[in-house]
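Here's the structure we're looking at; comments come further down.
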Amino acid sequence: MAVAPVQDAIVESRKGVLWELQRNRKFTIGGAIFLAMLLIALISGMMIDPDLRKSGSFPQRLPPGEGTLFGTTSLGQSVAIQLTEAIPNSVQVGLIAAAVGTILGALIGFVSGYFGGKVDNVLRILIDVFLSVPSLLFLILIAALLRGVGVTAMALIIGAFAWPSPARQVRAQVLSLKERGFVQVARLSGMNGMEIILIELMPHMFQWLGANFVNAFIAAVLAESGLSILGLGPSREMTLGMMIYWALNYSAIFQNLWWWWLAPVITLMALFLSLYLVHIGFDEVSNPRLRTEG
Amino acid sequence: MTALLEADDITKIFGSGVGRRIETVALRDFSFRIETTRPLITGVVGESGSGKSTMARLLLGLEEPTKGAVRYRGADLRHLSNTQRAAFRREVQAVFQDPFESFNSFYKVDHMLETPIRKFKLAASKGEAHQLILNALGAVGLRPEETLGRFPHQLSGGQRQRVMVARALLLNPKLIVADEPVSMIDASLRATVLTALRTLRDEFGISLIYITHDLTTAFQICDDIIVLYRGYVAEVGDVTKVVKDPKHPYTQLLVSSIPRPDPDRQWSEEPEPSALAGTANPDKGCLFAARCPHAFEPCLRAIPQLYRTDARRAATCYLHQDAPTLALDQMDELLMAASGETEPQVTR
Amino acid sequence: MNPYIRYIGERLILLLATIFISMTVVFFVPRMVPGEPMNAIFANMAAVGGSMNAQEMIVEYRVRFGLDRPVWVQYLSFWRELAQGNLGISISNFPSEVSGMLLSALPWTLGLLTVTTLISWIAGSVIGAVIGWRGRKAGVARLMVPVALVLYTTPYYILALILVFVFAFHWPIFPLSGAYSVGMRPGLNTAFIVDVVRHAVLPALSILLVSLGWWFLSMRSLIISLKGEDYILNAEAMGIKERRILWGYAFRNALLPQTTGLAISLGHIVGGALITEVIFAYPGIGYRIYNAIKSLDYPLIQGGVLLIIISVALANFLIDAAYPLIDPRIRFEGSGGS
Amino acid sequence: MTSILEVNDLRVYFHTPRGMVKAVDNVTFDVHAGERFGLIGESGSGKSTIALAIMRLIRSPGRIESGEIRLEGENLLALSDEEMRQRRLAGVAMVTQGAMNSLNPVMRIRQQFADGLNSHGETVTVDEAREQLVDLLARVGLKPEAADVYPHQLSGGMKQRVCIALAMSLRPSLIIADEPTSALDVVVQRQVVQTLRQVQEELDAAVILIGHDMGLMAQFASRVGVMYAGKLVEEGPVRAIFRQPEHPYTRILMESLPSLDEKETLQVVKGAPPSAADRPAGCVFHPRCPFVMDRCIQEEPLFREVAPEQWAACHLHDEPAAAHSLSREVAE
Amino acid sequence: AVPAGPSAADMERAQTLNIAVSRPFADPTLFNIYAPGFDRSRTGLGAMVHEYLFYLNMETGEFVPWLAESYEYNDDYTEITVNLRDGVMWSDGEAFTADDIVFTYEMLRNNPALTWANESNKAVANVEKIDDLTAKFILTEPNPRQHLVRETFPAVGVWSGITIVPEHIWRDVEDPVTFKFDPPIGTGPYLLESATESAFSYTRRDDWWGTEVFGVTPAPAKVNFMHVGPETSVALSLSANEIDSPAIGILSPGAFMSVKERNPNIKAWTEEAPYAWYDPCPRALLFQMGKPPMDDPLVRKGISSLIDRDQIVALAYEGATVVSDNVWPEYSGLQPYKDAIADVIAASAVTYNPEAAEQYFTEAGYAKDADGFWAKDGERLAPLLMTNGDTPEAMKVTAVIVDQLETGGVAVEFQPLGGAVVDAAILAGEYDLYGPQAFCPGTIYENMELFHGKFFVPLGEPAPWYERNSFRYANPEYDAAVDAMLVALGENADEATLIDIYRQAMEVWYNDLPVTPLNQAPALVPFNYTYWDGWPSAENPWMMPVNWWATMNLLLTGYESVETGEWVPGIRAAGQ
Ligand SMILES: Nc1ncnc2c1ncn2[C@@H]1O[C@H](COP(=O)(O)OP(=O)(O)OP(=O)(O)O)[C@@H](O)[C@H]1O
Ligand SMILES: Nc1ncnc2c1ncn2[C@@H]1O[C@H](COP(=O)(O)OP(=O)(O)OP(=O)(O)O)[C@@H](O)[C@H]1O
Ligand SMILES: [Mg+2]
Ligand SMILES: [Mg+2]
């Protein structure tokens with residue numbers, strides 16, 4: 001059969017997903033950039049005197065280099081120091097929201113796909129409904145009404161709206177996976193539904209869930225920054241979105257305080273880009289055809 | 001005496017398309033019985049889509065019949081207690097078609113062998129479990145050092161399929177359902193798996209339902225054979241009789257279509273369908289009528305019954321309507337009768 | 001029954017379910033928030049020094065809006081009114097009618113979004129197909145891949161800000177904001193249309209470029225995986241011209257998942273346009289809803305969200321309905337369930 | 001007899017991240033005009049790769065490393081891409097492996113047929129093309145309606161026959177059919193192979209049938225080549241291959257075939273086929289060969305004529321005694 | 001720079017005045033100034049179409065007669081008789097008469113849901129027509145300042161207030177609450193030409209009564225109130241001369257300075273920092289005195305001493321205002337009052353002084369815990385600081401305050417709220433600290449009155465308004481002083497008496513410190529001199545530099561000086 005060569009490639013790739021992933025250039029480069037950004041932020045964040053985060057700790061509107069690495073804001077804060085707080089916070093939003101969304105989605109998708117029947121019908125409609133509803137609208141609705149929430153609450157809210165897409169795709173995956181021979185063999189070996197899902201199916205979803213997680217991560221950081229720019233962000237904690245919010249509030253673009261708004265923007269883009277590379281890496285590992293092209 | 005496994009007039013209908021409106025009768029009015037008295041290999045052959053796999057899945061309890069019931073030691077599979085179910089799983093096992101698909105590629109081969117031991121508590125200790133595995137592998141002619149500790153893709157197709165057989169063997173079953181166990185395996189490896197299967201009957205006294213579309217291998221290893229056509233039994237009986245002297249026109253077509261690996265024995269021409277065949281109604285009458293070279297008027301009216309053309313065989317064809325009919329649920333009697341007779345095995 | 005009709009029926013049920021569920025959410029969520037919506041009215045009055053702490057007035061206005069009744073009565077009456085096409089009166093802009101406020105904003109949002117979505121979808125798909133197909137042979141055009149990556153990973157509001165800065169300020173080629181010049185009278189004349197288009201360029205571009213990147217990447221990877229399909233190989237073995245294989249075989253088949261993607265992302269595009277509207281002061285519906293949400297203007301929130309959800313769900317429905325036209329398998333057999 | 005196709009010393013390697021896969025290694029054979037040539041071998045032995053190499057459709061990471069493929073004397077490997085495209089269908093047509101999925105699911109059959117014609121200088125409308133197509137479909141035993149349907153409305157056997165009909169459209173001098181029946185049951189198999197045979201006779205084209213079913217080969221081919229692990233190990237007239245195989249692999253293959261005439265003990269071939277990426281040194285078959293000699297482990301045997309018209313790559317033929325034992329065994 | 005060639009577009013631009021507003025117009029078909037949803041401050045309708053009997057020029061202190069020529073109270077301040085100007089016409093040609101005034105007040109009485117109806121019905125019992133040009137307002141209680149209260153009397157100093165509507169149109173209206181008043185008919189010099197979500201456009205009338213009566217025509221042929229986008233867009237438009245003046249609250253000082261650099265024709269009230277004119281609404285931070293811990297004046301003073309107001313001005317306002325130690329604007333007329341209490345202020349806790357804060361907290365029983373935060377009985381002083389998250393100014397100011405309080409050892413919890421949610425929370429008093437809050441209208445008595453105990457309601461019930469005692473202040477001693485002030489005003493007492501009463505009140509006030517003053521309210525409103533000249537400025541303070549109040553029409557037309565009787569001209573085309 002024509003799929004034989006490809007299948008052969010898949011056969012070989014079962015050497016281990018992690019092995020395969022760490023060999024993928026996009027995955028490693030993306031992951032390295034991401035981790036480097038996060039670690040630098042975390043470590044330098046720990047070394048910085050917390051009082052230096054306060055407004056007025058530095059002269060206002062200094063361009064980069066003059067005493068501070070990335071310049072200062074109109075509120076007299078160091079942009080670099082803000083970044084050390086903003087990157088981990090934004091990453092935290094992404095992590096929590098993506099985890100909530102992916103776990104919720106995976107659960108719903110699994111249940112819907114594996115058990116089928118009426119449960120499936122109801123869940124399917126629910127998934128379809130939430131997929132076609134502009135979730136940002138609801139996010140704004142909730143964020144506007146629960147003003148002043150912190151990073152974690154924010155992430156939870158975003159995560160609560162991030163499940164439909166993974167649910168739909170997990171469901172499709174489970175539908176096809178559960179017809180696979182090894183699932184039947186597992187049933188004959190006496191495994192029950194939950195064991196099959198966890199032991200037999202989960203590993204096969206791994207790459208896919210990984211890719212989805214990264215995607216949800218990106219979407220969550222994007223949503224957070226969007227809400228923040230509208231002034232609905234976590235106001236007491238610094239995130240990349242809040243940095244942009246403050247920069248816009250002080251019309252940094254117009255005042256040509258480019259370091260102020262460009263720093264979070266570039267960080268955000270680097271974050272997205274690195275995560276997207278990781279995402280492509282996951283994709284390529286689970287779909288070897290994509291790999292042959294550069 | 002209750003049979004080990006009994007299919008009582010089962011029918012399976014699949015719905016597909018929007019709202020499951022398009023119905024496929026995958027298996028109709030099928031009855032069958034496996035006793036524990038004497039190990040037998042029963043072949044099930046038929047063209048693609050004739051319901052072979054469906055039958056297997058029904059017997060294994062992986063699918064529920066639309067009508068009728070499958071019983072394990074007299075108990076309906078749908079209502080087994082937990083202990084009954086565990087016993088059923090142990091006594092009735094399976095080997096599937098695709099030796100790669102049957103393995104979870106994330107785990108070593110050992111996973112496949114250890115799981116049933118763990119789930120059915122077959123061993124008291126690790127060492128005992130290991131011994132069980134070694135025995136099972138030995139029984140199918142595999143050396144542990146070239147199987148255990150490896151990933152599925154590191155084994156050849158034949159080895160993988162034999163591990164599957166060993167897995168079934170571990171549970172010390174009474175019956176193994178093998179759905180096309182060799183169709184995905186290279187010619188040079190096929191014989192090893194078939195030999196392993198035959199060993200099950202001869203050395204371990206395990207009955208086997210051997211599902212295949214390859215009449216040649218069925219002929220080689222089976223005692224009895226059931227020929228399915230579009231979900232119903234076309235012909236059933238002793239394998240040698242069925243192959244050498246098919247009574248149902250479909251079986252005849254099947255046998256004559258087999259390409260002989262001999263350049264000097266060319267295919268005969270496919271017989272022309274009869275003049276009446278064109279008027280056959282797909283919803284009524286014999287399902288084969290539309291392709292049948294012998295179709296005549298009665299064939300268009302109703303599905304024929306099983307006619308017992310001789311002691312060890314019956315065919316669902318009006319050509320034999322003079323022979324006594326055999327109720328579907330008596331089919332197993334015929335098979336048992338066939339096996340009961342001590343006919344010398346054809347050996348080389 | 002004709003499978004296509006059944007299929008459409010299923011989609012229709014989904015459409016109604018979508019509207020029903022979302023509207024129920026939109027009805028109840030704001031009402032769970034501890035806030036007095038009537039304050040919007042008094043905030044307006046108080047801003048000019050009027051009507052402070054007039055409890056009688058609050059009561060009067062609550063009655064006017066039916067908020068004195070139990071929530072479920074309000075809920076039923078909401079659907080009853082809706083069935084009669086009545087969206088009610090805005091609280092924060094009392095006595096403006098919700099329908100009027102939304103209808104005046106709707107064409108702008110819809111116009112902007114339909115045009116940009118279609119352009120980006122078509123352009124992204126076509127470029128993605130060509131570059132995905134040509135693979136290493138695409139030469140410099142392959143630079144489009146990193147470009148698309150960067151575009152896709154740039155939040156659209158950031159892009160909007162940059163566009164404003166570059167094309168409206170540094171090189172004032174396009175107007176800064178708004179949908180048309182102040183003083184222009186809306187009408188179907190060339191001057192007005194040209195003006196509208198000029199104003200739409202930057203907001204459109206910010207949405208377009210970002211989603212173009214996405215469609216490009218998605219189509220490219222679809223085409224790359226489709227290249228391995230048997231029918232592509234067979235078409236090549238038949239010596240069919242490359243261009244024909246690309247468009248007739250690879251692209252046609254990639255369109256199916258790409259269309260599904262379009263349906264799914266519509267919701268996101270609509271949501272995303274909101275911030276763009278804010279930045280460009282584009283008189284769209286998003287900004288209006290945003291303000292309605294902030295002032296707890298129940299009728300306006302309900303009306304606005306309803307409108308968006310109906311548009312998105314309807315667009316989804318249309319895409320679904322059109323889907324069988326490009327996939328004959330559905331036309332003859334139906335969706336098959338999943 | 002004139003050779004319509006000459007394959008000389010063809011080598012096709014796949015450069016995978018895990019190392020090089022020698023999918024086809026030093027393969028040489030001819031196909032004569034009007035001949036039915038069978039290519040058999042186990043999964044992964046390189047049969048499809050040869051077919052694709054002839055069509056010049058090897059995809060990355062595969063590459064034709066060296067060799068020559070002459071179709072009617074013209075070296076296909078020297079043609080430009082466009083020239084090669086012109087040769088496809090017109091000079092050499094292919095029924096691809098897995099023809100189940102070989103038709104564009106969103107296009108009616110007649111449109112796909114018209115695309116084929118229009119890409120070869122013939123400007124026909126879909127309607128004109130349809131007439132020709134109906135004619136071709138009739139030859140493969142299909143009703144005219146088949147022209148107007150979408151692929152999913154056809155059964156597997158019908159799809160295979162449509163593919164054969166499409167391959168005939170420009171009367172090529174060579175048709176390559178890569179396992180055209182692997183997914184079909186025997187009754188349909190017979191129909192498809194007989195159709196192919198009939199078409200071959202009508203067009204007087206040469207046909208290369210690729211498969212692993214010995215029975216089909218015996219029924220169809222006049223000459224057979226046997227592949228093993230990227231090598232052509234034996235080639236000869238069909239009767240010779242079935243009656244007097246000169247390579248141990250072929251021999252064992254023949255012996256392990258179950259028969260429908262008598263019940264017999266099945267012959268078991270020891271060992272497993274070599275994995276794709278790691279071909280044994282020396283003779284590729286030596287790990288499984290019952291006649292293995294020291295020489296086989298080190299030295300690759302040459303592919304040469306060992307009997308009239310019959311070629312094989314085996315060291316046994318250098319050792320008359322051993323060769324004798326081989327033929328004696330077979331004779332028994 | 002002045003446009004080079006006089007193209008048609010340029011010509012038109014040169015005759016047009018463009019005002020940038022902060023938000024789009026929600027419903028451009030609604031022109032009923034009494035409807036609660038009507039957008040009074042941005043549409044310009046109150047200035048362009050409607051006119052009032054008198055205008056208060058707060059800058060000069062003049063009370064300018066406009067539709068009326070004069071007013072007089074009766075002896076006990078229970079009646080005001082107003083003499084209307086002859087020759088005033090509605091824009092549809094009907095004459096403006098006392099009937100219109102009588103009708104307007106009747107309408108308010110019959111429709112209590114209208115804006116200002118509540119206030120007006122409480123203050124004005126009835127309006128009687130004496131003749132076409134004379135109307136008599138009968139008040140419910142004596143009030144010598146009635147003519148200054150725009151919510152109950154048709155004279156304005158700030159935004160629109162009671163606005164006389166044409167009887168001949170409104171009398172047929174069924175429900176004035178939902179009436180849209182399209183097209184709006186007024187007596188003003190401009191006619192509404194078109195209204196969209198993004199712009200209200202007005203054209204000058206040729207038949208304005210004022211042209212005949214005063215002999216003047218306002219300079220701009222067209223006036224647009226337009227929404228061009230957020231701050232950056234406004235700043236860009238201003239730099240590009242597309243805008244002549246933005247409304248208040250749009251341009252931050254930083255952006256303004258950048259605009260100034262790019263376009264030297266842009267100037268604000270002062271040439272140097274703080275640039276801003278002071279809005280009459282100084283900012284302060286509210287303490288919730290209805291519950292602990294802010295019911296303790298020592299805690300309030302402690303917190304007040306931790307606030308570095310200079311830093312707020314520098315960081316949050318980017319230097320565009322000055323600190324304030326009281327809640328009255330920096331207008332020269334009020335200076336004697338401030339001077340009089342200088343010693344009281346100096347002794348109070350309204351300046352930054354961390355050591356003093358330590359003393360206050362210690363005295364209140366607090367001590368610093370291990371992490372350096374003030375705590376009492378094991379409980380940290382962790383006041384909830386609310387603010388209105390919708391306004392950038394509030395976010396900026398609170399960002400600084402939170403940091404300052406934390407530095408001083410107060411573990412503030414910060415909660416910005418928005419929209420409808422914030423109103424409910426503030427009125428119910430759910431905060432410990434709220435700010436920055438504007439204190440308007442900035443006149444001595446009115447701002448004193450805001451703290452009067454008559455506005456007190458218990459916690460949980462909605463207070464009358466934010467600054468109208470949502471902080472739950474009640475001190476009879478203070479109330480007595482305020483009451484005495486009203487009496488003194490009614491008796492036309494001299495300034496010395498008034499200042500004396502003021503001093504008494506402020507002694508109590510500073511001792512209690514119900515709110516703590518932060519800074520003056522900056523009204524950073526630049527003007528573009530490219531097309532228009534004659535804008536008011538600190539050097540030529542002839543008028544308040546505002547475009548969002550009803551007084552803006554005086555900016556365009558000018559007015560007859562009450563003191564000299566000469567015509568003070570409005571803005572004029574540049575170069576003339
Ligand atoms: N899950 C299913 N849903 C719908 N139809 C099904 C399903 N499984 C089987 N069928 C249909 O039931 C019929 C019998 O299928 P089955 O798989 O039993 O055939 P088979 O004899 O095993 O064929 P093959 O030789 O191809 O394996 C076919 O028409 C098939 O399409
Ligand atoms: N794209 C590819 N990448 C890597 N290896 C490949 C690729 N395509 C084929 N191969 C390898 O080339 C070898 C020959 O493959 P080929 O498809 O020609 O075998 P075949 O004889 O046609 O097998 P089958 O009977 O399964 O069709 C195999 O070992 C396969 O693994
Ligand atoms: Mg099957
Ligand atoms: Mg092949």
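All values reported here derive from a predicted model rather than from experimental measurement. Each chain gets a letter, A, B and so on, in the order its sequence line appears, and its residues count up from 1.
- The environment of CD in E131(D) is sparse: at most 12 heavy-atom neighbours from other residues, nucleotides or ligands sit within 6.0 Å.
- The number of heavy atoms from other shown groups lying within 6.0 Å of CZ (R63(D)) does not exceed 12.
- Proximity to chain C (any heavy atom under 4.5 Å) is restricted, for N118(D), to the backbone atoms N, CA, C and O.
- Atom-to-atom distance recorded for L233(C):CG and T96(D):OG1 is 5.5 Å, nearest 0.5 angstrom.
- A donor-acceptor pair under 3.5 Å is formed between the side chain of R85(D) and the backbone N or O of G239(C).
- Between the side chain of D230(C) and the backbone N or O of S102(D), no donor-acceptor pair lies under 3.5 Å.
- For a residue to count as touching a neighbouring chain, one of its non-hydrogen atoms must lie under 4.5 Å from one of that chain's; by this rule L52(D) touches chain C with the side chain only.
- Although no hydrogens or angles enter the test, the distance criterion places a donor-acceptor pair under 3.5 Å between the side chain of N104(D) and the main chain of G248(C).
- Scanning for salt bridge (charged side-chain N to carboxylate O under 4.0 Å, His left out) contacts around E72(D) gives an empty result, with sequence neighbours left out.
- Rounded to the nearest 0.5 Å, atoms CG (N101(D)) and CD1 (I232(C)) are 12.0 Å apart.
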After noting the C-alpha distance and the side-chain angles of M107(D) and Y231(C), does the key distance pass the side chain to side chain contact (heavy atoms under 4.5 Å, CB included) rule? CA-CA 11 Å; M107(D) 219 180 242; Y231(C) 53 80; over 6 Å; no

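- With a threshold of 4.5 angstrom between heavy atoms, Q112(D) approaches chain C through its backbone and through its side chain.
- Between E236(C) and R59(D) there is a salt bridge, since at least one side-chain N of the basic residue sits less than 4.0 Å from a carboxylate O of the acidic one.
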From CA spacing to verdict: side chain to side chain contact (heavy atoms under 4.5 Å, CB included), M238(C), D115(D): CA-CA 9 Å; M238(C) 280 178 71; D115(D) 281 346; over 6 Å; no

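- Remark: the backbone N or O of S119(D) is not paired with any side-chain donor or acceptor of R244(C) at under 3.5 angstrom.
- Only the side chain of M55(D) comes within contact range of chain C, judged by heavy atoms closer than 4.5 Å.
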